[in-house]
Undergrad: 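My structure is below; once you've seen it, I'll send some questions.
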2 protein chains.
Amino acid sequence: MIPSQMLKGILGGCILTVISREETYGYEISQKLRQMGFGNIAEGTIYPLLLRLTKNGCICATLKASDTGPARKYYSLTNTGKEELAQFQKDWLELSTAVNHLIGENSHG
Amino acid sequence: MIPSQMLKGILGGCILTVISREETYGYEISQKLRQMGFGNIAEGTIYPLLLRLTKNGCICATLKASDTGPARKYYSLTNTGKEELAQFQKDWLELSTAVNHLIGENSHG
DNA sequence: GTTTGTACTTTGCATTACAAGGTACTGCTA
DNA sequence: TAGCAGTACCTTGTAATGCAAAGTACAAAC
C-alpha cells in the first residue's frame, strides 16, 4: 500500500491523466487507479478531489443515466485542465528525477 | 520548483537517505537537497522534520562544535531508521511505478 | 423487503510542508 | 565598541489534502 501522504499533490494529476484518456466518472476512476497499482483510493478522496478540480476549472461534468445504477457524472478536461496536466507531468518528472538521483547515488557512496 | 504538496511523505525518506550516506546536520541537508534538484527546502520544513524523525526513533543526534559558527547536530540512522528507509524506497518504487505506468499508457491511446 | 453493487456527497480529522519570526555563535569591518 | 553577514537551530500558526465515517439514492437479485 502506498502511504496516503505520498499521494498528496499527485492524485490530482493522476486523475487528470485518467480523464485525458477518455471521459469517465468518479466510481470508474477509483477502479482504474486500483488496477494501476495505486491501491484502494477512498471515495472520500476521489469525489472531493473531482469537485475541487471542477471548481478550479480543470474539468467539467455531464450527467448521464446508467442502466445498472444511479446516474453518472462523466468528466472531461478543459483547456485549463490540459495545461494543468502538462504541468503535473513536468513536476512529476522533476520530482522523480531528483528522488531517483538521490536514491541511486546511495549505492555509489 | 517542485510543488510543496508533492513533497509530502517524500521528504522524510529523502532525509533518511541523505543521512544514511554519512552523518550530517540540518543546515547541510538543506544544501544537499538543493543540489540534488529539490529546490530550496525551507528551514521551517527541515528542522521540524528532523525532530519528528528523532521522536520516532529513526535518527539520533550528536552535538558537535564548529569552527565557523554555532554547534551542529549531527544525525545518524538507528536500526528503526534503516528499516524506515528500506520501507520508503519500497513505497517510492511502488508509487513511481504506478504513476509512470499511468502516464506512459497515455501515449498508447 | 432486504441485501448487494453501483454512484455521489458531506463533515471532520490527521499529516505535513512552509512562512515568519526568533535565538545564538563566529568573523569581519568600521 | 557596534554592526553586519553567514552559519545553525527552534517555534508558532497556516494551508493543502488524503481519508474515515456516515449519509443519500437507484437497480437487480434473492
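Naming: A, B, ... by sequence-line order, numbering from 1 per chain.
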Undergrad: In whole Å, what is the span from the CG atom of B:Leu11 to the P atom of C:dA17?
TA: 5 Å
Undergrad: Could you please name the option among D:dT11, C:dT9, C:dT16 that lies closest to any side-chain atom of A:Gln5?
TA: C:dT16
Undergrad: Write down the distance between CG (A:Leu33) and C1' (D:dC19), rounded to a whole number of angstrom.
TA: 15 Å
Undergrad: Which nucleotide sits closest to the side chain of A:Thr68: D:dC19, C:dT6, D:dA16?
TA: C:dT6
Undergrad: Does A:Tyr27 make a side-chain N or O approach to OP1 or OP2 of C:dC8 shorter than 4.0 Å?
TA: no
Undergrad: Could you tell me if the side chain of B:Val99 sits less than 4.5 Å from the side chain of A:Gln89, heavy atoms only?
TA: no
Undergrad: Distance check: side-chain N/O of A:Tyr47 vs OP1/OP2 of C:dT10, anything under 4.0 Å?
TA: no
Undergrad: Are B:Glu23 and B:Lys73 ion-paired here, with the side-chain N under 4.0 Å from a carboxylate O?
TA: no
Undergrad: Under 4.0 Å between any heavy atoms, over every strand shown, what does B:Ile46 touch: base, sugar-phosphate, or nothing? Just pick one.
TA: nothing
Undergrad: How many whole angstroms separate atom OH of B:Tyr74 from atom C1' of D:dA8?
TA: 11 Å
Undergrad: If you assign A:Gly44 and A:Arg72 each to the DNA chain C nucleotide with the nearest heavy atom, which residue ends up on the more 5' nucleotide?
TA: A:Arg72
Undergrad: At under 4.0 Å between heavy atoms, what does B:Thr45 touch on the DNA or RNA strands: base, sugar-phosphate, or nothing?
TA: base
Undergrad: Separation of A:Lys8 atom NZ from D:dA15 atom P, in whole Å?
TA: 15 Å
Undergrad: Whole-Å distance between C:dT6 P and A:Asn40 CG?
TA: 13 Å
Undergrad: Counting only distance, no hydrogens or angles, is the base of C:dC8 paired donor-acceptor with the side chain of A:Glu43 under 3.5 Å?
TA: yes
Undergrad: Measure the shortest side-chain to side-chain distance between A:Ile59 and A:Thr80 over non-hydrogen atoms and say whether it is less than 4.5 angstrom.
TA: no
Undergrad: Would you say B:Leu7 and A:Leu95 make side-chain contact, with heavy atoms under 4.5 Å?
TA: yes
Undergrad: Closest nucleotide of DNA chain D for A:Ile41 versus for A:Ser66: which of these residues is on the 5' side?
TA: A:Ile41
Undergrad: From CD of B:Gln31 over to P of D:dG6, roughly how many Å is that when rounded to an integer?
TA: 13 Å
Undergrad: Remember a base hit wins even if backbone is also touched, and classify A:Gly26 as base, sugar-phosphate or nothing at under 4.0 Å, heavy atoms.
TA: sugar-phosphate
Undergrad: Whole angstrom is fine here: how far is it from CG in B:Leu7 over to C1' in C:dA19?
TA: 15 Å
Undergrad: A:Asp67 has an atom CG; how far is it from atom P of C:dA7, in whole Å?
TA: 10 Å
Undergrad: Ignoring the backbone of B:Pro70, work out which of C:dT10, C:dC25, C:dA19 is nearest its side chain.
TA: C:dC25
Undergrad: Under 4.0 Å: is that the gap between some side-chain N or O of A:Arg52 and OP1 or OP2 of D:dA16?
TA: no
Undergrad: In sequence, state the C-alpha distance, the side-chain angles, and the governing distance for A:Asn79 and A:Glu83, and then conclude on side-chain hydrogen bond (donor to acceptor under 3.5 Å, both in side chains).
TA: CA-CA 6 Å; A:Asn79 284 333; A:Glu83 287 166 24; over 6 Å; no
